[in-house]
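Beneath this line is the structure, given in structure tokens, with notes to follow.
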Amino acid sequence: MTSSSRLDRRSRTAAAPNPADAEGMAPPSRLRIALVLGALIALGPLTIDMYLPALPTITAELETTQAAVQLTLTGTLIGLAAGQLLLGPLSDAFGRRRPLLIGTALHVLASIAIVVAPNVPVLGVLRVLQGLGAAAGAVIALAVVRDLFTGRPAATLLSRLFLVMGVAPVLAPTLGGELLRITSWRGVFVVLALYGAVLVPIVWRSLPETLPPSRRSRPGVRTTLSTYKGLLHDRAFVGLVLVAGLAMAGLFSYVSGATFVYQDQYGLDEQQFGILFGAGAVFLIAATQLNALLLRRFEPRRILVAAIGAGTVAAFVLLALALVGTGLVGVVIPMCAVLFACGLALPNAPALALSRHGRNAGTAAALLGAVQFGVGALVSPLVGLLGNDAVALGLSVSGALVLACIVLAAVVRPWSLGDVDAPDPADATAPAAGQA
């Protein structure tokens, strides 16, 4: 492809009408959209991770086992995965606002109920409901981005949003550790309920509907299944979804296992754990901000390949140093390198995947999010089953990233992907699912 044809393509993409404009609605500012969507996306990671420093305390207070308490984390991830599969298609059929408001309200009610949870089984069920509610922000935020932007602008905005998604899981335990200075683990869920309660009026007032009626799909189970079937027949899309899920699995391995590795194996207290865990946020922040700059010169697929490769190497270093027994430093340094690599990979894999399916952005984002959190749900107890030590963490992280490398090379075949700046043909020529 010549340079002039690439420029023509980019010009057409940049000049593509905003769907809101086409329906006579005022398009929201990019800053406002970024702030509101960032706040919504943060709800999921905060829900998952703020209580992590209290896991040993919950284990003792509810008189249960570490593995049982870790399953409450798995329950939240299952809720997030299932909720996205449900709410994504609903947002394609009924618009973005209604499912978003209902889901966030469910999260608030579940958080309040957890405050009085009497035992681990009840806590686990309520955490599933909490995850279902938080799924609304996770999936619909990505769909809103795809409603309003394509090509590199979409990838750049996703970098900003994945800054929140990447940093929040690392900062949340730090915040949780500080909250535990003044309250119990139940107080952490009071704070989560208040956060969700604040989001509802913000969404109501600040986030306009970005999917006009003319672009909505026909509601119904048949339409939803047909759309999912079409997505699953796109080999590159499926591969990119799996790569994103496996990169997230590496992050969730750290999130799930670090509290026991740092506190039980290396003797840190809750506050020390929170501070050290939060230090990893620096590397995620640096990677996501660097990604936005790199996108000015490099295609997302090239950044994705480099990030997954570098992350895999760092994960093997982590495993080797854990086997040798070099101590806490031998875990922290390579783990920070893994976090940096994930910070580069996580925005680009979804951007490439969603660029292929703008017509059904909600359903595509649902499948993407469900796989990410579903893989995370499978991985979360793995570190505990392997022993809850540094070796178990290294095995889990390196295994996830090795699989990501294999999928990237064998399924995605990034060298065969088209230009991310090219408009999605489906947006212009193909009818919405259920409207054919």
Quick check: closest heavy atoms across [X] and [Y], and the distance to 0.1 Å?
{"X": "Pro300", "Y": "Leu295", "value": "CG-CD2, 3.6 Å"}
{"X": "Ala143", "Y": "Gly362", "value": "CB-CA, 3.8 Å"}
{"X": "Ala244", "Y": "Ala349", "value": "CB-CB, 3.9 Å"}
{"X": "Pro99", "Y": "Leu87", "value": "CB-CD2, 4.1 Å"}
{"X": "Cys342", "Y": "Ala247", "value": "SG-O, 3.7 Å"}
{"X": "Ala315", "Y": "Val397", "value": "CB-CG1, 3.9 Å"}

Between [X] and [Y], is any side-chain donor less than 3.5 angstrom from a side-chain acceptor?
{"X": "Asp92", "Y": "Ser217", "answer": "no"}
{"X": "Thr76", "Y": "Gln130", "answer": "no"}
{"X": "Tyr195", "Y": "Ser111", "answer": "no"}

Within this structure, what is the [atom1]-[atom2] distance for the pair [X] and [Y], rounded to the nearest 0.5 Å?
{"X": "Thr363", "Y": "Leu368", "atom1": "OG1", "atom2": "CG", "value": "12.5 Å"}
{"X": "Leu207", "Y": "Leu37", "atom1": "CG", "atom2": "CG", "value": "6.0 Å"}
{"X": "Tyr262", "Y": "Leu393", "atom1": "OH", "atom2": "CG", "value": "7.5 Å"}
{"X": "Phe189", "Y": "Leu194", "atom1": "CZ", "atom2": "CG", "value": "13.5 Å"}
{"X": "Leu85", "Y": "Tyr228", "atom1": "CG", "atom2": "OH", "value": "4.5 Å"}
{"X": "Asn388", "Y": "Asp264", "atom1": "CG", "atom2": "CG", "value": "7.5 Å"}

Arg302 atom CZ, neighbour heavy-atom count above 12 within 6.0 Å:
no
Report yes or no: does [X] contribute a side-chain atom to a donor-acceptor pair with the main-chain N or O of [Y] at less than 3.5 Å?
{"X": "Ser396", "Y": "Ala392", "answer": "no"}
{"X": "Arg413", "Y": "Ala236", "answer": "no"}
{"X": "Thr72", "Y": "Val69", "answer": "yes"}
{"X": "Ser398", "Y": "Leu395", "answer": "yes"}
{"X": "His233", "Y": "Lys229", "answer": "yes"}
{"X": "Arg96", "Y": "Ser91", "answer": "yes"}
{"X": "Arg127", "Y": "Leu73", "answer": "no"}
{"X": "Arg235", "Y": "Val411", "answer": "yes"}
{"X": "Glu209", "Y": "Arg97", "answer": "yes"}

Between [Y] and [X], is there a side-chain heavy-atom distance shorter than 4.5 Å?
{"X": "Val412", "Y": "Leu352", "result": "no"}
{"X": "Leu293", "Y": "Gln289", "result": "no"}
{"X": "Tyr254", "Y": "Leu339", "result": "yes"}
{"X": "Ile333", "Y": "Val317", "result": "no"}
{"X": "Val200", "Y": "Leu101", "result": "yes"}
{"X": "Val332", "Y": "Met335", "result": "no"}
{"X": "Leu323", "Y": "Val391", "result": "yes"}
{"X": "Leu232", "Y": "Leu367", "result": "yes"}

side-chain contact (heavy atoms from CB on, under 4.5 Å) for Leu294 and Leu344? Distances and angles first, verdict last.
CA-CA 10 Å; Leu294 291 175; Leu344 289 175; 4.3 Å; yes
Would you check, one step at a time, whether the test side-chain contact (heavy atoms from CB on, under 4.5 Å) holds for Leu55 with Leu52?
CA-CA 5 Å; Leu55 290 185; Leu52 289 180; 3.7 Å; yes
Of Leu106, Ile102, Leu100, the residue whose pairing with Thr104 passes side chain to side chain contact (heavy atoms under 4.5 Å, CB included)
Leu100
Any chance you could lay out the side-chain contact (heavy atoms from CB on, under 4.5 Å) test for Ile308 and Val243, step after step, and finish with the verdict?
CA-CA 9 Å; Ile308 294 296; Val243 169; 4.1 Å; yes
Test side-chain contact (heavy atoms from CB on, under 4.5 Å) on Leu304 and Leu240; report intermediate values, then the result.
CA-CA 10 Å; Leu304 177 62; Leu240 287 165; 3.9 Å; yes
